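To keep things clear, I will list the structure first and then write my remarks on it.
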Amino acid sequence: MMEGTAGVSGRRDADESLLDDPDALAERDPGGMLRFTASAGAQVRESAALTAETNLTALADDGRPRAVVIAGIGTAGRTGDVLATVAGPRCPVPVIPHRSAGVPGWVGAADVVIAVSASGRSPEALGAAEAAHRRGARLVAVGAPDSQLQAAAERARAPFIPVPRRAPARASLWALTVPVLLAARTLGLVKVNEADLAETAARLDADADRCRATAESFVNPAKSLALGLAGSIPIVWGSSPLATVAARRFGDTLSANARYPVVSGALGEAGRGRVGLLDGVFGGLAEGMRDIFADQEEPEAEGTRLRLVLLRDGGLNAEDDADEPLAVEERRADAVQTLAERRGVRCDVVTAEGGSALERLASLVAVPDFASVYLALAHGLDPMAVPAITEMKELANQ
């Protein structure tokens, strides 16, 4: 172990043996990030119950809105991406994630604003709730109970869905997402039924069991993925809009939990330029410069390389309206795997499974979520405590 500046401790190279030592994992995860990650299925069930206890009927009294704005930042902001993707191209109104303070200038009485904050005190969600109230827009708030956001919702006489706080917020993706989806269902914008929620929760439970700390690396997909990424520069691309949400989520957790720099986004966008990374100094060029006589057991032998993670979603129904035909997405995914192989860039593939859009999203999120935690632990980093985040908040609030 070594210590860097600002008291940050860890190791430069990942300790692969540590991942197969459950006691050591528990010792290095004092905040319980693995436990929080394993609670994803329980979060779905808990939030569905809490939303059912909230009276949302008034939300639909004024009929279909002109647009829905989901206001929040970080993990709260991702809930808007999930809603937009699950609602799909057939959604009758625009669904707009908004990550800045306040709301867009056009928001008015014809619109709905969903303000989301795990802590209940983010400036973005609070500003959105207050702006929605001033402009006469319908408001729903989702966040920690007994918080500033709940108080803002009460002032506006708007429904508030309490979500028990888990710190940090990135451990609460599913707890925050389900109320947003169910509020949108009340408005007639998305088809998410109880069976979808139950199957999604079951999928998350099953993946948590597969990725549990006591499962050894050779049978644990999250540990295997983490070890493959160790020491690399990860590129995470999603083959479809739904898979792209999962790819960006993996980028979030790799950065926050494991402190890895990562490129994430849509495979379609990558094909317009970023796929060139595979040719660069960390991709194919590095392979061409490799010393074939170097000792491959030495960590410095190959240097830092790209590692591609491709999240593939075959879709539920090829006849559905979509931004792009399914066949195009599949050919593009096949092509980028071939490009990576030709350049010596290793590629991990996670393929969506499930009978609903929400369950398929869960199948693409669960294993990568665990992998980001295991990668942090392999480097001796506490995935829960990120000193730079704390310091930035302190400096920004001076």
Side-chain angles (χ1 to χ4, degrees), residues 6-10 25-44 46-47 70-82 97 99 115-126 142-150 161-180 204 208 211 213 222 226 245-246 248-262 264 365-397:
V8 180
S9 61
L25 288 173
E27 180 182 341
R28 285 162 175 75
D29 184 23
M33 183 63 88
L34 279 174
R35 185 177 69 254
F36 282 136
T37 305
S39 75
Q43 289 182 35
V44 171
E46 178 187 51
S47 283
I70 302 89
I73 198 166
T75 301
R78 286 278 169 247
T79 67
D81 299 333
V82 174
R99 292 177 167 84
V116 187
S117 170
S119 66
R121 59 172 185 264
S122 82
E124 293 77 14
L126 289 171
V142 180
D146 303 316
S147 63
Q148 292 170 269
L149 185 58
Q150 181 172 1
I161 302 169
V163 174
R165 189 179 181 196
R166 297 169 179 85
R170 59 186 178 278
S172 297
L173 174 66
W174 294 101
L176 297 173
T177 295
V178 170
V180 171
L204 291 166
C211 298
V245 174
R248 291 188 169 126
R249 163 68 177 182
F250 196 19
D252 294 341
T253 57
L254 279 173
S255 296
N257 292 335
R259 281 66 132 180
Y260 264 52
V262 57
S264 64
V365 167
V367 171
D369 269 6
F370 275 99
S372 71
V373 178
Y374 284 126
L375 185 56
L377 296 173
H379 282 286
L381 295 166
D382 180 355
M384 181 75 80
V386 185
I389 294 177
T390 304
E391 288 179 41
M392 183 173 178
K393 289 180 179 176
E394 291 172 352
L395 292 169
N397 291 330

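Hydrogens, waters and symmetry mates play no part in the numbers below; they use all other heavy atoms, side chains included. Bear in mind the structure is a predicted one, so any value in this text is a computation, not a measurement.
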Looking only at heavy atoms, what is the nearest atom pair of [X] and [Y], with distance?
X    : Y    : result
G251 : V262 : O-CG1, 3.5 Å
A226 : A371 : CB-O, 3.5 Å
S172 : T75  : C-CG2, 4.5 Å
R259 : P383 : NH1-CA, 3.9 Å
A118 : A169 : CB-CB, 3.6 Å
V163 : P179 : CG2-CG, 4.2 Å

List for me each residue that meets salt bridge (Lys or Arg N to Asp or Glu O under 4.0 Å) alongside [X], sequence neighbours excluded, and say none if there are none.
X    : result
R165 : none
R249 : D369
E124 : none

Residues which pass side-chain contact (heavy atoms from CB on, under 4.5 Å) with [X], listed by chain and number, not counting sequence neighbours:
X    : result
A246 : L311, L361, L364, V365
D81  : R78, P97, R99, V245
P123 : none
L25  : L18, L19, A213, K223, Y374, L377

Derivation of the side-chain contact (heavy atoms from CB on, under 4.5 Å) call for L381 and R28: CA-CA 7 Å; L381 295 166; R28 285 162 175 75; over 6 Å; no
Test log, rule side-chain contact (heavy atoms from CB on, under 4.5 Å), inputs S117 and L126: CA-CA 8 Å; S117 170; L126 289 171; over 6 Å; no
Quick one, L375 with N257, criterion side-chain contact (heavy atoms from CB on, under 4.5 Å). Give me CA distance, side-chain angles, the key distance, then yes/no. CA-CA 8 Å; L375 185 56; N257 292 335; over 6 Å; no
Who are the side-chain hydrogen bond (donor to acceptor under 3.5 Å, both in side chains) partners of [X], not counting sequence neighbours?
X    : answer
R121 : none
Q148 : none
D382 : none
S255 : none

In this structure, which one of L34, V373, V367 forms a side-chain contact (heavy atoms from CB on, under 4.5 Å) with C211?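 Running side-chain contact (heavy atoms from CB on, under 4.5 Å) over L34, V373, V367 with C211 returns exactly one hit, V367.
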Taking the side chain as every heavy atom from C-beta outward, state whether [X] and [Y] have any atom pair closer than 4.5 Å.
X    : Y    : answer
P368 : T253 : no
R170 : M33  : yes
I70  : V116 : yes
M384 : P30  : no

Hey, what do you get for OG (S47) to CG (L176), rounding to the nearest 0.5 Å?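 It comes to 7.0 Å.
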Does D146 offer a backbone N or O that forms a donor-acceptor pair with the side chain of Q150 under 3.5 Å?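 Side chain of Q150 to backbone of D146, a donor-acceptor pair under 3.5 Å: yes, one is there.
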What verdict does the side-chain contact (heavy atoms from CB on, under 4.5 Å) test give for S372 and F250, after you've listed the backbone C-alpha separation in whole Å, the side-chain angles of each residue and the deciding distance to 0.1 Å? CA-CA 8 Å; S372 71; F250 196 19; 4.3 Å; yes
How would you list all residue pairs meeting side-chain hydrogen bond (donor to acceptor under 3.5 Å, both in side chains) that involve residues 32-42, not counting sequence neighbours?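 Every pair satisfying side-chain hydrogen bond (donor to acceptor under 3.5 Å, both in side chains) with a residue in residues 32-42: S39-Q43.
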